[in-house]
Every structure is written in structure tokens, then in C-alpha cells.
Amino acid sequence: MSDRTPGDAPADREPDRPEGSPSAPPGPPAGQPDPPAGQPAPNSPQPAPAPAQPAPGQAAPTPGQAASTPAQASQPVDLGRRSFFRSFSREAIQTAAQLVGAATALQRSSLAATSQLLGGGSGAPADPLAQLLGVDDPAPPPPAVQFRSPYRYLDGQLTIVDQRRLPDELVEVTCHTGAEVAACIRDRLVRGGPVLGQVAAYGLLVAAERTRGASEFIRAATLHGTINALRSSRPTSRAMEAALDRMLAAWQAVGEHAAGDLVANVLRSEAEAIADETMLDLAALGRAGASVLPTPFERHLEVLVHGPVGALAGGALGTAVAVVLEVQVQQRRVHVWVSEGRPAFQGARITAFELGRLDIGHTVIADVAAAGLIARGSLDAVLVGAERIARNGDVSAAVGTYPIAAVAARHGVPLYVCAPTSTIDLRVGDGWGFMTEEGPDVELAEVNGRRVPPAQSQVHNPVLDVTPAALVRGFVTEVGVIEPPFEETLAHALARRQPPVAGDVRGEASSPAGGPAPAPEPPAAPGETAPVPGATAEDEDGWGGEGSTDAGPDASGVGPDPVGPEATNAGPEAMDAGPDASGVGPDPVGPGPADADAPEGH
């Protein structure tokens, strides 16, 4: 904006202006610093190079201009004042246009994020303020994806975002071998069960691409070694284990000694299928979870989320965050309390960052403050994730889940575990069969590179804890909300799961209404106390019985591909007939967790 003010206009020097100055020659007299007052001022707000010379383009008055009437000479046009107000108006319009652009960008960003996550429309409405001002929208349309994917696969290389550095800086690590992918998983560059399964699948694909031209023996040894390295990088993740089982089954289906091109192409198709199905499963999970959350009267829905539950932990969609986003898309007011997630500050760094990008109101609290928040009655529900779910419903989840679940059960606040069915492990009978995992000492002992406890102090940094099934109100999955008795309903849900159809964002069965009836479920094994359609007969150890179809690692009774086509013959709508022994339905309501005490030892 120009520095000139209305008081600085040339009209202030009118008493010193000689009469008849409009016809004066263009050059000022010797010793006079300013040009005559009647001489036209420059139209541009930029000052003249030198006060003794007229500005460029400012010519001397023509004869016609010199022959002005006395009335015109006595009332000259103040072009300086006019230039000031023109400049002021122009800058005001530009400022308004910038505000319009910022508001439009924010509106489009929120809409695009919602559309990307939940399959909504992609267009943004025209901005009425920009039309009123008659200016073009200065903000270009934002990209379709409002967050960077946690990984990218291109030309045989897998690029992974280092989540340890977010949100302050974006650091990407490009992996050229399967061993490098395993190292990234082991060093916790990526966190969260769903995304670990996808990254592991693409990690095996990287190894297959590198061995396209190798001999069959070298290729087989490389792929088997990569599978073992990936499994051992995070052995507590059931989703990663299930993804590697699928990749191994796809490879063995064409033969371990098949041509390198065929093996790479098959593994690429399987890895892409795992990623696509996970995205569709999490979208369906979000809708299922939103259906069981209450709608408070004249206030926000208050929920607490804990653990890696956002899009960076899911690959494209989150788990608990997908539920919250679906609530907001349904025009329901919601506020999220985010536990900080010590010691890696997963909630404060990542989950809060993702909620802010989605324009969801949230508040970060210390982990130890969650109990008081629950006790005061400030929460309507608690949403957590899971790394592995046992057959009886015990949950292995991010450390800190168990104390939150215990306090929530004590005060009657429902806790829902948001996880896809690939997290269910029927081979594990209860929480005592879960593996433990220890994080690096430096993650707990140091803050911003400075050690907090004394050097002689030992550090214990568990990554996971076990939450008993008695403290869980239900499991939010892509097939619905699973409720007690978990020993029956988890097996039923896993057996009834149908893989989502490509292009069907809702992940529902593709058969139209009125089509052929689903195939009947096999009868329960003899001696089973509570026959449930789709449940498998297992022995007391949970490692398979007469109903098992395969031996070895896949002897859970669900086959080598628990999320493949052979796992089911019926879609989610086959469960909508009403309440049954499965506990899975469109709007399940179960007993409160406060009615049962946690078993000893958990």
C-alpha cells in the first residue's frame, strides 16, 4: 500500500501555487525543488525518479491544455488524492480475494479429504463471495489426497515415510530390497497393524522384482529369506502375518520354481489386492462403528482414541479415526480426546495431526489423565486399535490400553476395539498366548535427544499390553460390530467374512437383493456346546481339530487365505435377519463391561 496519506496530497500546497501555473513550461525554475502545483501528477503510485524532472510519460501541457478557462485553473483535479484512493481500493479488493482464496482452499481441503476417505463426491461448490466480488478463485484445487500415503511402490522400489519424524519434517526412505523393508518395520518407521500388512506384502514384491532374471533356486531362497525377515521384524502383528501368508500362498499356487516374470506378476497382483481390500474394509469398519455410537442431545459426542488409529496406521484410512470421520460426515457433532501415546507420542504427533487435517475438533491429553476424564463422566465411548485378537476376545494393543479399559469398565463407559478381521487369530486361545514386544530404551529414556533418567537407571519399554475380553464392549470390524460371547462370535464373523468387491466402497456383498440365497453354513462339529453357523471345530489348544482343513500355521480352521473367496459364501447382509447367537447385526447392543471383572493375571 502506498505510504501517502490524504493529508500529504498536493492540495496542501495550493497557497504557494502561482496563478496560471497550468500553462507553465514543463521544467521547474532554477532553485525550485518541486514542479508547479498545477502540473498533472503521475497516475502511477510510483514516485518520479527525480523531483526536478517530470515522470516518464508525463509530457508538457499541450496548447489546448494551456488554454484552460479561469474556472478550471482555480479548481484543479487532485490526481494524487485520486491515485491514493484508487490504490487503496485495489489493495482492499486484493485482500478480499486472498481471504476468499484461503476460505475456498480450506473448504475444498476438508471436502476433498472426506471424499477421498469415504467415497463421497469430488466436486466443490462455487464460492459465492468470489462471484460477488467478480474475481477468479486464486486458490488452485488441492490434490485428491490430503495426506501423504505412508508408503509408495514404484518400479520395484518401496518408499516409506518415516513416521518417527512427523509432523515436524517429512523424511522418506526408499527400499530396494526386502531386507531394507524389514529393517524399516523393525525400526518402527511405520506403525499400525493394517499398514504393516500392506508394507510387508510390497516388501516381498520388491524381492520378487529383483529376482525376475535369477535362477529358480536363487529366487526361491531369496523369497523365503525375505518372508522370514519380514515375519521376525514385527512378530506381534497379526495383520502382517496374515498378509505374508496370503503372499506365500499365491506364490506356491503357481509353483515355487515358476518363471521369475510369472512369480513377480502374481505377487504384485496379490499385494495390490491386499492394499485395496484393506482400504475397503476400513471404510466399512468406519460405518459400522458410527452406527453404535450415541447421538447426545444438544452437545458434542465425546470419544477418546488411543494408539495408532489414523490413516498413517491404516495405509489409506484409519481404524478409530475412520469411525470418527464417519460420524462427522453424518452431520453429527463430535469431539475427540487424544491420548498422547507415550513414549513415542503417537497420539500427540500423528493422530492429532491427522485429525487437524480432517478438521475434526480434538484435545490432546496425557495418558495418565484419561482415567480422571472417564471418572468425571466426560466421555461417551473409548475407541482403540489392536495388533492381535485371541479366540476368547482378549486383545493385544498399544501399551496403555489396559488401564484405560479397566477404568472405562469401572465407570460404565463402552470401549470398542476397532480392527479388521485380519487381526483375529483363532489359534491363540487367550491373552496368555500373545507374544510380548519391547521397544528401544532410547525411546523412553530420551526426550529431544536428552536422557531424562540417570545413566545407571534401567529402562523397561513395553510396546503392547493385554486387555481382557471382559473389558471390551465390542469389536468394530468390516463385517459389523461383534459382541459377546466372543468365543463364538469371533469365529463366526471370520468365517462369514466376504472380501470386498473392487469398486464397491462399502464392501458389501455384490449379489443383488432377491438373488440366490447364500449357501448354508456347515453343521457344527459333534459335541460343540453352542452350535454357531460358520464356527469351526477346534481343540482346547485352539490349533485346529476335526474341522481344520490345513495343517501347520494355517490350522485355525479358516484356511490359508482367511480373507479370500473360499472363506465365505455369504455377505454381511446375511446377518441382518435379527439377533442371533453370533451377536453380529446392524445395530448390536450388548451388556455393559462393568458387569464382569477382569480375570486375574491380566
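- The existence of a salt bridge linking Glu241 and Arg427 is confirmed by a sub-4.0 Å separation between a basic side-chain nitrogen and an acidic carboxylate oxygen.
- With respect to Glu487 and Arg391, a salt bridge is recorded, a charged nitrogen being found less than 4.0 Å from a carboxylate O.
- For Asp162 (side chain) and Leu189 (main-chain N/O), no donor-acceptor pair under 3.5 Å exists by modelled atom type.
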*asked:* Apply side chain to side chain contact (heavy atoms under 4.5 Å, CB included) to residues Val321 and Leu355 and explain how you reach the verdict.
replied: CA-CA 8 Å; Val321 171; Leu355 291 172; 4.2 Å; yes
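- Side chain of Ser291 to backbone of Ala288: a donor-acceptor contact under 3.5 angstrom is found.
- Between the side chain of Gln163 and the main chain of Ile350, no donor-acceptor pair closer than 3.5 Å is present.
- Judged purely by atom type and a 3.5 angstrom limit, Asp394 uses its side chain to pair as donor or acceptor with the backbone of Gly431.
- A donor-acceptor contact shorter than 3.5 Å is absent between the side chain of Arg191 and the backbone of Gln346.
- Between Val303 and His335 there is no side-chain heavy-atom pair separated by less than 4.5 Å.
- Remark: Leu223 CG to Leu248 CG distance equals 9.5 Å, nearest 0.5 Å.
- Distance alone, capped at 3.5 Å, places no donor-acceptor pair between the Glu302 side chain and the Val334 backbone.
- You'll find the side chain of Val382 reaches within 4.5 Å of the side chain of Val413, heavy atoms only.
- Between Arg246 and Glu270 there is a salt bridge, with a side-chain nitrogen of the basic residue lying less than 4.0 Å from a carboxylate oxygen of the acidic one.
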*Quick one: do Arg164 and Asp187 satisfy side chain to side chain contact (heavy atoms under 4.5 Å, CB included)? Show the steps, please.*
CA-CA 9 Å; Arg164 302 171 303 181; Asp187 295 340; 4.1 Å; yes
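- Although no hydrogens or angles enter the test, the distance criterion places no donor-acceptor pair under 3.5 Å between the side chain of Asp425 and the main chain of Ala390.
- Here the side chains of Ile360 and Val324 are in contact, with some heavy-atom distance below 4.5 Å.
- Taking every heavy atom of both residues into account, Arg234 and Leu196 meet most closely at NH1-CD1, 3.5 Å.
- In this structure, Thr423 contributes its side chain and Ala419 its backbone to no donor-acceptor pair below 3.5 Å.
- Side-chain contact between Val463 and Val399 is absent, with no heavy-atom pair separated by less than 4.5 Å.
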_Run the side-chain hydrogen bond (donor to acceptor under 3.5 Å, both in side chains) test on Glu478 and Thr421 for me, step by step, so that the C-alpha distance in whole Å, both residues' side-chain angles and the decisive distance to 0.1 Å come before the verdict._
CA-CA 7 Å; Glu478 71 276 14; Thr421 54; 2.4 Å; yes
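- Remark: Arg388 does not engage Glu437 in a salt bridge, criterion side-chain N to carboxylate O under 4.0 Å.
- Heavy atoms only, all atoms of each residue included: Ala283 and Leu317 are closest at N-CD1, 3.5 Å.
- The CG atom of Leu383 sits 8.0 Å away from atom CG of Leu415, with the distance rounded to the nearest 0.5 Å.
- Side-chain atoms of Ile482 and His492, non-hydrogen and from C-beta on, never get closer than 4.5 Å to each other.
- Between Trp337 and His306, a ring centre-to-centre spacing not shorter than 6.0 Å is recorded.
- Taking CE of Met247 as the reference point, atom CD1 of Ile227 lies at 8.0 Å (rounded to 0.5 Å).
- None of Asn461, Leu464, Val459 except one satisfies the side chain to side chain contact (heavy atoms under 4.5 Å, CB included) rule with Glu438; the exception is Asn461.
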*asked:* Using side chain to side chain contact (heavy atoms under 4.5 Å, CB included), reason through Val395 and Val466 one step at a time and then give a plain yes or no.
replied: CA-CA 6 Å; Val395 182; Val466 178; over 6 Å; no
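- The two residues Leu301 and Pro294 come nearest to each other via the heavy atoms CD1-O, 3.5 Å.
- Counting heavy atoms from C-beta outward, Phe345 and Pro343 have side chains that stay 4.5 Å or more apart.
- Closest non-hydrogen pair, Ala239 versus Pro194, comes out as CB-N, 4.3 Å.
- The structure places CD of Glu446 at 10.0 Å from CG of Asp441, a figure rounded to the nearest 0.5 Å.
- For the pair Cys175/Ile160, a side-chain contact is recorded, criterion being any heavy-atom separation below 4.5 Å from C-beta on.
- Minimum interatomic distance between Tyr153 and Val206 (heavy atoms only, all atoms of both residues): CE1-CG2, 3.9 Å.
- Within the 4.5 Å cutoff, the side chain of Asp281 has no heavy atoms near those of the Leu285 side chain.
- When atom types are taken as modelled, the side chain of His460 and the backbone of Gln458 share no donor-acceptor pair closer than 3.5 angstrom.
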*Start with the C-alpha gap between Arg186 and Arg188, add the side-chain angles, then the distance that decides, and say whether side chain to side chain contact (heavy atoms under 4.5 Å, CB included) holds.*
CA-CA 5 Å; Arg186 183 182 61 250; Arg188 305 184 184 284; over 6 Å; no
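- Using bins of under 30°, 30° to 60° and over 60° for the plane-to-plane angle, the ring pair Phe475/Phe486 lands in the perpendicular bin.
- The CG atom of Asp245 sits 11.5 Å away from atom OG of Ser422, with the distance rounded to the nearest 0.5 Å.
- Using modelled atom types, one side-chain atom of Gln198 and one backbone atom of Gly314 make a donor-acceptor pair closer than 3.5 Å.
- Contact record, Ala322 with Gly318: CB-O, 3.2 Å, taken as the closest heavy-atom pair.
- Within the model, atoms OG1 of Thr295 and CG of Asp380 stand 9.5 Å from one another, a figure rounded to the nearest 0.5 Å.
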